[in-house]
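All chains are named by letter (A, B, ...) in the order of the sequence lines, taking the proteins before the strands, and each is independently numbered beginning at 1. Heavy atoms only: backbone and side chains are in, while hydrogens, waters and symmetry mates are out. As the structure is a prediction and not an experimental result, all values here were calculated from the model.
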Number of protein chains: 2
Amino acid sequence: MTLQLRLSWKDVRDTIHAWILESTYGPGDKLPRDEDIAEQLGCARSTVQRAMRNLSDSGIVERKRKGGTQVRLDPVTRATLDIPITRKEVEAKGSAYSYQRISEGMADIPLGIAARFGLGASVKMLRIEALHISDQRPYIYEDRWINTETVPEILSIDLSSESANEWLVRNKPFSRCDLRFYAVKATEYNAKILATTPNEALFVMERTTWIGTQPITSVKAVTSPGYQLFTQI
Amino acid sequence: MTLQLRLSWKDVRDTIHAWILESTYGPGDKLPRDEDIAEQLGCARSTVQRAMRNLSDSGIVERKRKGGTQVRLDPVTRATLDIPITRKEVEAKGSAYSYQRISEGMADIPLGIAARFGLGASVKMLRIEALHISDQRPYIYEDRWINTETVPEILSIDLSSESANEWLVRNKPFSRCDLRFYAVKATEYNAKILATTPNEALFVMERTTWIGTQPITSVKAVTSPGYQLFTQI
DNA sequence: TAGTGGTCTAGACCACCGG
DNA sequence: CGGTGGTCTAGACCACTAT
């Protein structure tokens with residue numbers, strides 16, 4: 001039997017979590033005040049605070065001033081998604097990555113993109129279509145619009161062999177980002193680019209970013225058949 | 001001009017974040033030691049610590065003991081997804097929710113489910129097919145397997161009009177959860193249940209949970225056409 | 001208004017890891 | 001081994017809100 005003199009906040013968190021898992025406190029129940037838990041476990045109140053913040057961030061408990069802490073009644077499943085640069089994602093699988101620009105040019109943004117940016121009038125932006133390739137096979141087709149008002153420098157970058165995303169991510173931090181995931185039926189065009197058949201179901205990720213209130217870029221990443229987004233809690 | 005005597009950790013975080021946004025420190029650059037920042041800004045080191053932890057959690061900086069803090073070279077887009085109970089999700093849109101069990105019974109798990117659970121041999125589990133309905137229209141078809149070894153109580157619950165998920169989420173906390181998102185082509189069966197047409201592209205969410213090493217449940221949620229998962233950073 | 005969580009501080013010590 | 005981030009403590013005050 002080991003005697004631990006100093007409790008870490010993780011110990012405290014695990015203890016409280018265990019109370020919940022073994023139904024000492026069930027959904028909707030009110031937990032003791034931080035101070036009482038601190039005294040009971042023999043640590044400082046701030047250590048309990050730290051543990052509680054973690055449980056709260058994980059969506060396990062809900063805390064309110066004066067109201068105390070209660071075990072969440074309707075737990076949500078809260079997951080953290082990391083969406084890496086595509087090149088890194090491919091390389092992490094041990095595959096060979098390559099990139100190919102399909103088209104590049106200024107054009108009026110379509111209505112859908114204007115809506116994403118929350119713009120009424122149509123404006124000209126830089127459109128880049130590109131293909132990410134994993135082990136010689138099409139991996140992700142990306143259809144991107146870049147606001148050259150916000151990012152004029154992009155016009156002087158050679159995007160024929162390097163992804164616009166890599167440049168943006170290193171040089172243009174964003175302050176806001178909208179993410180969308182959904183499924184689409186492959187068009188003839190999609191099918192040709194991704195080397196699959198029309199009507200195949202494809203997983204799509206859309207990302208739109210701003211710096212302050214200024215739109216930076218909006219990208220639709222159409223993945224090849226079989227693509228899965230995975231995360232673990 | 002207001003004079004703020006006490007800096008909150010959010011102020012400190014925003015200050016440091018601003019340094020990064022305006023390229024005072026760019027990707028790969030090393031930031032000053034916490035203590036120096038604390039002195040410069042006029043707050044305690046622990047306040048800087050709190051701010052830095054937040055930036056680190058957001059994937060903006062990377063911290064190493066002795067190595068100091070640096071602005072991440074390959075920023076990932078890190079998003080937090082909340083997956084609520086379907087009933088709550090529907091109600092939050094202001095729609096009327098209803099639930100309908102399609103089938104229920106013990107059966108041998110198929111290979112795919114065994115793989116999700118990491119099981120070799122096939123075992124019998126409780127399979128429940130059900131339909132979540134939003135404003136009289138099919139919303140999500142769920143195909144669920146529940147391990148009755150881990151959750152024997154489920155057999156005495158009436159699942160004809162209430163979702164198994166609601167009961168599980170309130171009564172069986174999990175310690176581990178795998179999440180998967182992808183697209184599928186609607187089968188004849190899918191199409192019939194979701195009132196759509198075969199070959200339509202459907203967005204699927206799969207969730208598999210364990211308590212300790214014991215499998216609890218694995219569910220495939222096939223959403224109706226047009227469903228989108230959305231999050232914001 | 002009183003009780004509870006949220007935060008800040010100053011100081012101490014620990015754990016990790018680069019030079 | 002020394003320097004950096006990570007954590008704990010004790011105490012104080014603040015901010016929100018249930019009662």
At less than 4.0 Å, is any side-chain N or O atom of [X] found next to OP1 or OP2 of [N]? Yes or no.
X	N	value
A:Thr69	C:dG5	yes
B:Gln49	D:dG5	no
A:Arg65	D:dA18	no
B:Arg33	D:dT4	yes
B:Thr47	C:dT9	yes

Given atom [atom1] of [X] and atom [atom2] of [N], what is their separation to the nearest angstrom?
X	N	atom1	atom2	value
B:Asp36	D:dG5	CG	P	9 Å
A:Arg63	D:dA15	CZ	C1'	14 Å
A:Asp34	C:dG3	CG	P	16 Å
B:Lys64	C:dG19	NZ	P	10 Å
A:Met52	C:dG5	CE	P	7 Å
A:Leu55	C:dG6	CG	P	12 Å
B:Leu7	D:dC13	CG	P	19 Å
B:Ile37	D:dG5	CD1	P	8 Å

Completion exercise
Of the listed D:dC8, C:dT7, C:dT9, the closest approach to the A:Trp9 side chain comes from D:dC8

Handout entry: Shortest side-chain distance from B:Lys66, nucleotide among C:dT4, D:dG3, D:dG5
Key = D:dG3

Handout entry: Which atom of B:Ala51 lies closest to which atom of B:Val12, heavy atoms considered
Key = CB-CG1, 3.7 Å

Practice task
Would you kindly check whether a donor in the side chain of A:Arg45 faces an acceptor in the base of C:dG6, or vice versa, at under 3.5 angstrom?
Solution key: yes

Exercise for the section: Please state whether the base of C:dG6 and the side chain of A:Arg50 form at least one donor-acceptor pair under 3.5 Å? Expected result: no

Problem - Qualifying ring-ring contact (aromatic ring centres under 6.0 Å, His included) pairs, either residue in residues 69-97 of chain B, two or more places apart - result: B:Tyr97-B:His132

Handout entry: For B:Arg65, all residues meeting side chain to side chain contact (heavy atoms under 4.5 Å, CB included), sequence neighbours excluded
Key = none

Exercise for the section: Kindly indicate, with the supporting measurements, whether the criterion salt bridge (charged side-chain N to carboxylate O under 4.0 Å, His left out) is fulfilled by B:Asp34 and B:Arg63. Expected result: CA-CA 11 Å; B:Asp34 290 4; B:Arg63 285 161 71 74; 2.7 Å; yes

Exercise for the section: Anything under 30° is parallel, anything over 60° is perpendicular, the rest tilted; go ahead and classify B:Tyr25 against B:Trp19. Expected result: tilted

